[in-house]
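Predicted, not measured: the structure shown is a model, and the values here were computed from it. Order of appearance sets the numbers: ligands from 1, and atoms from 1 within every ligand.
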Amino acid sequence: MHPPPPDAPLLFFDSGLGGLTVLGPTRALLPTAPIVYAADYAGLPYGRKSDEELAARVPALLGRLVERYQPRLAVIACNTASTIALGHVRAALDLPIVGTVPAIKPAAEMTKTGVIGVLGTEATVRQPYVDDLSARFADGKTVLRHGSPGLVTGAEAKLRGEAVDPDAIAHAIAGLRDQPGGDAIDVIILACTHFPLLQHELQEAAGPEVCLIDGAAGIARRIAHLTQGQAWPDTPQPGIAVFTRSDDRPPPPLAALAPYGIGSVETI
Ligand code: DGL
């Protein structure tokens with residue numbers, strides 16, 4: 001394979017704005033990397049879709065995006081899409097694909113009580129992929145899971161400068177705490193890329209003794225590792241955000257995306 005040209009972008013993909021929480025730490029490591037950030041607003045929320053639908057939708061859409069933007073690497077910055085469709089995407093596309101999966105390994109190393117909470121979408125928390133991660137990395141620990149669509153709505157609202165429903169935050173934490181053994185949770189994995197956008201609200205609700213973790217920094221390091229030695233532009237270029245067209249959800253104002261290095265918005 002030829003080395004990619006310096007202007008070949010990194011493609012980030014999510015159902016909505018959650019993947020920005022993976023883009024942020026990646027830009028910190030690779031500040032001149034050209035960025036295309038793609039959000040499937042026509043499909044949001046993924047957490048309420050069936051596995052079959054996502055296993056077909058995600059590879060097809062990524063295929064279109066790869067053809068259009070010719071990225072050097074694609075990041076599925078979405079736990080739901082990754083835990084369901086990562087294998088399908090890798091089989092369909094001929095470029096490096098980085099997925100985002102619940103950070104169970106670091107959580108298992110960190111817990112002192114032996115009880116971990118996984119906060120994700122409804123689709124993610126029911127995945128066998130999460131059973132496998134728990135069996136491999138959290139043997140002997142208790143892994144409690146809860147799916148929270150309200151946090152996805154809350155995170156989208158927050159980034160648009162709208163109010164976050166405090167009940168959504170309280171319900172999400174209660175959904176873990178109220179399970180048998182839930183009182184002892186000392187680490188909560190934010191297993192949906194939208195949720196770190198609500199880190200502050202969730203930390204307040206969970207209390208200072210609970211550690212909230214996510215995998216974004218590790219994914220950023222993985223991207224840097226996979227692109228090591230490749231050429232990049234000399235200076236940062238404004239990134240592109242691309243949204244699939246949705247009648248009831250217009251793209252957010254550019255001002256919400258500008259802090260992530262995005263300079264223009266397209267719809268497809
Ligand atoms: N950001 C996505 C995730 O990490 C999913 C949000 C949704 O579309 O339900 O799982």
Side-chain angles (χ1 to χ4, degrees), residues 11-26 37-59 61-62 65 74-86 88-89 97-104 107 117-130 133 145-160 164-165 168-169 171-172 175 188-199 202 212-220 222 241-246 248-249 251-252 256-257 260:
L11 172 66
F12 288 78
F13 175 82
D14 183 30
S15 54
L17 303 176
L20 294 172
T21 64
V22 181
L23 171 57
T26 307
Y37 182 85
D40 185 12
Y41 263 12
L44 181 75
Y46 277 6
R48 297 225 135 150
K49 291 201 157 17
S50 70
D51 295 11
E52 293 70 27
E53 189 172 355
L54 290 172
R57 182 180 185 92
V58 172
L61 186 49
L62 269 165
L65 291 163
V75 188
I76 306 182
C78 173
N79 289 260
T80 311
S82 298
T83 54
I84 293 170
L86 190 56
H88 300 280
V89 172
I97 309 287
V98 176
T100 308
V101 300
I104 288 179
V118 179
L119 208 49
T121 65
E122 292 151 301
T124 295
V125 299
R126 67 167 184 256
Q127 291 311 311
Y129 203 116
V130 182
L133 289 175
R145 310 175 192 186
H146 178 66
S148 174
L151 291 183
V152 177
T153 311
E156 289 283 329
K158 185 175 178 186
L159 216 78
R160 289 169 179 268
V164 179
D165 177 6
I169 307 288
H171 280 135
I188 294 179
I189 303 166
L190 303 182
C192 168
T193 52
H194 277 78
F195 298 176
L197 293 168
L198 299 170
Q199 174 99 19
L202 289 165
L212 304 185
I213 67 164
D214 64 75
I219 295 161
R222 177 88 189 129
V242 50
F243 291 81
T244 56
R245 203 176 305 276
S246 154
D248 38 36
R249 195 187 297 274
L257 305 171
Y260 297 89

### Task
Just say parallel, tilted or perpendicular for the rings of Y46 and F13, cut-offs at 30° and 60°.
tilted
### Query
Does L44 offer a backbone N or O that forms a donor-acceptor pair with the side chain of S15 under 3.5 Å?
no
#### Entry: Contact residues of ligand 1, where a non-hydrogen atom lies under 4.0 Å away
D14, S15, L44, P45, Y46, G47, C78, N79, T80, T121, V152, C192, T193, H194
Throw together a table of side-chain donor-acceptor distances under 3.5 angstrom for residues 149-156, partners on residues two or more places apart or in other chains.
residue, atom, partner, partner atom, Å
T153, OG1, P149, O, 3.4
E156, OE1, Y41, OH, 2.6
E156, OE2, L17, N, 2.8
E156, OE2, H194, NE2, 2.7

#### Entry: T26 and I219, any side-chain heavy atoms less than 4.5 Å apart
no
### Message
Restricting to side chain to side chain contact (heavy atoms under 4.5 Å, CB included), what partner residues turn up for P25, sequence neighbours left out?
### Response
A216, A220
#### Entry: All side-chain hydrogen bond (donor to acceptor under 3.5 Å, both in side chains) counterparts of D51, not counting sequence neighbours
R126, Q127
